[in-house]
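Below, read A as the first sequence line, B as the second, and so on, with proteins coming before strands; counting in each chain starts at 1.
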There are 2 protein chains.
Amino acid sequence: MTAAVLRNSQPAPAKPARLTRARRTVLLKALADPRRFELLEKIARAGCPLGCAQARAALPISAATLSHHIKELETAGLISIRREGKFHFMSLRPGVLESLASTLSALEQVPCGPAEGQPR
Amino acid sequence: MTAAVLRNSQPAPAKPARLTRARRTVLLKALADPRRFELLEKIARAGCPLGCAQARAALPISAATLSHHIKELETAGLISIRREGKFHFMSLRPGVLESLASTLSALEQVPCGPAEGQPR
DNA sequence: TAATCAATTCGATAGTTGTCGAAACGTCGA
DNA sequence: TCGACGTTTCGACAACTATCGAATTGATTA
């Protein structure tokens, strides 16, 4: 926990590898499906690599659909999969969400117009 | 201008109003279309409220499509529109992208496993 | 080798959505 | 009041995608 907190307490000084437009779109599309996001949440929250069976148990979808979503997340570069025999374990790829988040935040830095707070 | 700078210089101390799942999905869907994102970028970068005509000039789409995208962005709560006579001016709604960004970043705070940096 | 199990792929389907042209609506100026 | 213009709505269409059951692949075990 301390390590995580430390990593977090440094204000992440804006180096998360700028995203191309195409990549940004791919990421956003991958995240825009609610079930897929939920899956990603499970993977992220698990901390340790998550097995497909566990994912399966957590989501009310068929194996085929789960496989589809996993492939999407992997293709988008959001997760990586370690394949061990017939089991596959998924883990969050570090830094990717960070990059996207900072891309989004960057848009908020309005350079000029102060008035449009409540245009009402 | 000073007001905006001030508001911006405070580091937005991490309470950007937690998003519900539904809202998060709506936002992600709204951002996941490349043209719509581009439009949002234009609005954000313009600083001052952007007229439809300017948006129109900047994007290679028909008026109908533009209107559609504008509605999507407004429905998602990403922009607000000031309607003055026959002209409409769009501006970024402050804080929304921030909320989403922090939601995404929050997923990266792995609680336990520090080792899966490169599962290789 | 055969059976079993995990995961993927295939084929199909339903729902969503980005796009446009045409028509409609609202506002402004003549 | 009329016409011009900016924006929206309507209707339609094409492309995409989430979903599933069934068939397949690949690995483990009997």
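H69(A) comes within 4.0 angstrom of sugar-phosphate atoms only, judged by non-hydrogen atoms across all strands, and of no base. Residue contacts shown for I61(B) are limited to sugar-phosphate atoms, with no base heavy atom under 4.0 Å away.
With hydrogens and angles ignored, the 3.5 Å screen pairs no side-chain donor or acceptor of R82(B) with any backbone N or O of F89(B). Proximity of a side-chain donor or acceptor of E108(B) to a complementary backbone N or O of P94(A) within less than 3.5 Å is not detected.
Between I70(B) and E72(A), the residue anchored nearer the 5' end of DNA chain D, judged by the nucleotide with its closest heavy atom, is I70(B). Nearer the 5' end of DNA chain D, as judged by each residue's closest nucleotide, is the contact made by A64(B), out of A64(B) and P60(A).
Between the P atom of dA18(D) and the CZ atom of F37(A) lies a distance of 15 Å, rounded to the nearest Å. Rounded to whole Å, atom C1' of dC5(D) lies 4 Å from atom NZ of K86(B). Between D33(A) atom CG and dC16(D) atom P the separation is 17 Å, expressed in whole Å. Summarising the geometry, the separation between CE on M90(B) and P on dT8(D) is reported as 9 Å, rounded to the nearest angstrom. Rounded to a whole Å, the CG atom of L28(A) is 19 Å from the P atom of dC16(D). Rounded to whole Å, atom P of dT8(C) lies 12 Å from atom CZ of R56(A). In this entry the distance linking CZ of F87(A) with P of dG26(D) reads 18 Å, nearest Å. Taking atom NZ of residue K71(A) and atom P of nucleotide dT17(D), one finds them 12 Å apart after rounding to whole Å.
Closest approach to the S62(A) side chain among dA18(D), dA7(C), dC20(D) is made by dC20(D) (side chain taken as heavy atoms from C-beta onward). Listed nucleotides: dT19(C), dT8(C), dT17(D). Nearest to the side chain of H68(B): dT19(C). Comparing dT7(D), dG18(C), dC20(C) against the side chain of T65(B) picks out dC20(C) as the nearest. The side chain of R35(A) has dT19(D) as its nearest neighbour among dT17(C), dG18(C), dT19(D).
Proximity of L66(A) to L39(A): side-chain heavy atoms (C-beta onward) are separated by under 4.5 Å at one or more points. Counting heavy atoms from C-beta on, the side chains of L31(B) and L31(A) never come closer than 4.5 Å.
Side-chain contact of E98(B) with S105(A): a donor-acceptor pair under 3.5 Å is present, judged by distance alone.
Contact record, R35(A) with P60(A): NH1-CG, 4.1 Å, taken as the closest heavy-atom pair.
Here R83(A) does not reach the OP1 or OP2 of dA7(C): none of its side-chain N or O atoms lies under 4.0 Å away.
Each end of the helix from dT1(C)-dA30(D) to dA30(C)-dT1(D) yields a helix axis from five base pairs, and these two axes differ in direction by 10° (to the nearest 10 degrees).
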Task: Verdict with supporting geometry, H69(A) and L59(A), side-chain contact (heavy atoms from CB on, under 4.5 Å) - done: CA-CA 11 Å; H69(A) 284 317; L59(A) 266 61; 6.0 Å; no
